[in-house]
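As structure tokens, the structure follows; a few thoughts come after it.
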Amino acid sequence: MKRGAANAAVREAPRFLNAYYDDNAVVWVARDRGGSVVLKRMPVRSTVFFAAADVDTSTKHMLRNDSRVTAMRVDGQWLRVEFRDRHFAESVCEAFEKRGIKTYEGTVSPIRCLAADHDVQVARPRRAYLDLETDSRVPFSRKEEMRILCWSLADEHGVATSEILLDDDDAAERVLLGELWAKLDAVDQVLAWNGDRFDFPVLLARTKRCGLTPNHKRILWLDHLELFKRMNTMAAESGDEKTSYALNSIAMAVLGEGKDAFDASKTWQAWSTPECLNGLCMVCSSCMRRYCEKDTVLLHRLEVETGYVELLQTLCEACGTFPDSRGINPTNQAENMLLRIARKRGHRFRTRFLSNVAEGRQYKGAFVMEPQSKGVLTNVHVCDFKSLYPSIILSWNISSETRVVEPLRPMYLKTRPARQSNECEAATGTRFRTDVEGILPHAIAEVLRLREHWSRLKDSFPPGTHQWKDADRRSTAYKIAANSFYGIAGSPMSRFYDRDVAEAVTQCGVYLIKQTADKARNAGFFVEYIDTDGAFVMGCSRDEFELFVACCNAELYPKLLVACGCKENNIKLAYEKQFGRLVFVGAKKYAGSFVHYKGKDATADSKPEVKGLEYKRGDSSRLARRLQSEIVGSIIVRGEGADESLAIVDKWRRHVLVDPIDITDVSVAKTLSKPLTGYTRKVKKDGNDAKLPAHVEIALLLRARGRDVGEGAKVAYYCVDGSVSPKAYKPAEDWTGDCDRYDQWETFVWPPTKRLLESAFPEHDWSVWDKVRPRRQRTTRTKSVKHVGQLSMLGK
DNA sequence: ACCTGTGGCTACAGAG
DNA sequence: CTCTGTAGCCAC
């Protein structure tokens, strides 16, 4: 009976597509069986919880009689009070906290609170991919005046439809946008590349300008680029994929196919050009329209290839977060999930005030050991902890509310009181109760249990099938969620911020990896390198290392954890891989070839593993990446000696200094991490303005030209003269072939590879290639143009 | 209604 | 020339 009731509840758990605020209402969005949109309005209410015992009768009376309080009831140990206004609710919390009365969840947004109360489930939206072409003569800063010339919408099967503006007037644009919104009636989720920063605001601004009033809040606006960045940063193989987030570059890297050769900065001219007959001119209105359609088709194909949108959907379903751009944010996801899990246990979190955010101080993090040896290392074994931080949280029962707050003790008592039998002690000395499961461990256990469920289900399906992929995504989503909990505890922005909790986690990690390294040394092995949860070990066979790992799991960690007072042990070390050859350039920078990886032997075509080297970085020049990757191939993959590297470097030096060269070879791209106005120019001692970083100076130049360079933009530039101080740079778009090739070599291309070679073959002197600029050039102020590689300067 | 964390490396401009 | 602070990116 009971079970049947529970199942019914699960079946009837409300599923919604979205929720938004409208006037004083929360509006829930769903579709009925026929597919029509159903909106359900509820009044906005801000909920605050108090421990019922903390609030005396007269205070209750006062609350009950306040017209701003809409409801009040006792729910178990909690007193639940609902307010009409969220600002008033917050000020009530502040007033209570000031009087020493704790308040709970006072600043949780009403939608999130309702969703947690009713265990709202996230429905699967109807998805579409959008692209707009707008008047190229108008900058984004005047988006209200930016006429939309063309739109395209691709559906979930990648079928695109589009419309184009018929006349250059408001009436025609109104018709154009009316057609788009009519199409969007059937859509719940809209994706666009850079949508948050361009397509979405432009569409809304122009829609308003045209006097149309569609219900845009109903739609889940999801920036495909932001999603891609979040999901792909770790997956990207080389830096090539990270130099530009233009759809063209990403499509080339992921799909091997780019956009049409249409010049998007000339949309206005194209719109006013009658359509060509062959479809090849790329400067007419029909070519623009085709280009626009192709964009949306590419977005769809990108999703087919990566599955990132589906993964987000899965993650959002797991967390109870709606899959729009805000749903990408881990704080959001973890907050939703923790609130729900805590609620089921009757637990409430303390109110978080924005004023507390500033109080966050940095805390001690992971342990990183400098690599111990130079040269090409052979047979290096690597072990790592499985989900180190989640497993620490489980084992030490680390959570804010399980933390033991020590009473103040008199000065003469130097030693701490002994740890109680119901407490365990983290490496920071912080103690946690072990007789009550903490909310954080509980949530992690729950999430890992679900992960295990989907992981097992995945294995029951044939690999590659639809069900297999779905189960795989769900398993991945839960892993992501489990790993985000630690970060949330360490983030002052989050409701669950607890510095002591976060630091206890990292320092237990430090303790465990150091103990592991000690044991390896005692076994007679050599510990080469450590980073956070992994150790690189030499001087043993595969079997010996296997035994060592097993021994750590069977003896070392159980013993250590018992000594700390832990009641359970979730710590597990794994033998991850063995490198045949490995070179360390420094901490977090290495390249190696596998003998085996996770139990599978490497094959002849197994790729090397590269970490942190410039080859992996999006802010290196392509020439630098190419040379470095060739050297990795020689030293690591083929196991060649210094002579082969010598020949390769010589070849590349000539190439960099002499051969025809392209802008994509030499430019360097960096992200504006804040709005342009956020960079402050200092004044030098001589009274002149100091230079900002090169990419910021270039961005300012571009903005003066009317370009849109906002926060998050990648700015590509190259050096035209590295012999002066400060160096002279130009935007990549101004390319005339006039890059300073000596600087390109001396600054960007050679040093990264030199560091690699010095590490691999330290007995060699690699400095002979350091200086390639002719002497005369270094000393004279006026630049001579009569040297190799700078000939293009003559044209100017 | 936005922004998971710390540790480490590198380039650069400016100051001495 | 060396040293210091800023900024960006990457490993975990």
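Below, chains carry the letters A, B, ... as their sequence lines are ordered, and counting in each starts from 1.
dT10(B) is paired with dA7(C) under the Watson-Crick or G-U wobble criterion, all donor-acceptor distances under 3.5 Å. Base pairing of dT4(B): no nucleotide in any strand meets the Watson-Crick or G-U wobble criterion (both distances under 3.5 Å).
Taking side-chain N and O atoms only, R86(A) has no distance below 4.0 Å to OP1 or OP2 of dA1(B). In this model, the phosphate group of dA11(B) is not approached by any side-chain N or O of T747(A) to a distance below 4.0 Å at OP1 or OP2. Proximity of H695(A) to the phosphate of dA7(C): no side-chain N or O atom is located under 4.0 Å from OP1 or OP2. Look at S673(A) and you'll find a side-chain N or O under 4.0 angstrom from OP1 or OP2 of dG8(C). The side chain of R755(A) contributes an N or O atom lying less than 4.0 Å from OP1 or OP2 of dT10(B). Between K588(A) and the phosphate of dC9(C), there is no side-chain N or O to OP1/OP2 separation shorter than 4.0 Å. Distances shorter than 4.0 Å separate none of the side-chain N or O atoms of K589(A) from OP1 or OP2 on dC12(C). Distances shorter than 4.0 Å separate some side-chain N or O of Y679(A) from OP1 or OP2 on dG8(C). Checking the phosphate oxygens (OP1, OP2) of dT4(B), a side-chain nitrogen or oxygen of N329(A) falls inside 4.0 Å.
Among dA13(B), dG8(B), dC9(B), the nucleotide with an atom closest to any side-chain atom of P726(A) is dA13(B). The side chain of K685(A) lies closest to dA15(B) when the candidates are dC12(B), dA15(B), dG5(B). Of the candidates dC12(C), dG8(B), dC10(C), dC10(C) carries the atom nearest the K242(A) side chain, counting heavy atoms from C-beta on.
Put simply, the side chain of E335(A) never gets that close to the backbone of S494(A): no donor and acceptor are under 3.5 Å apart.
Aromatic ring pairs are classed by plane angle as parallel below 30°, tilted from 30° to 60° and perpendicular above 60°; the pair F200(A) and W221(A) is tilted.
At a threshold of 4.5 Å between non-hydrogen side-chain atoms, the residues Y21(A) and V26(A) count as touching.
Residue-level contact check: G365(A) touches the backbone only, with heavy atoms under 4.0 Å from sugar-phosphate atoms and none from bases.
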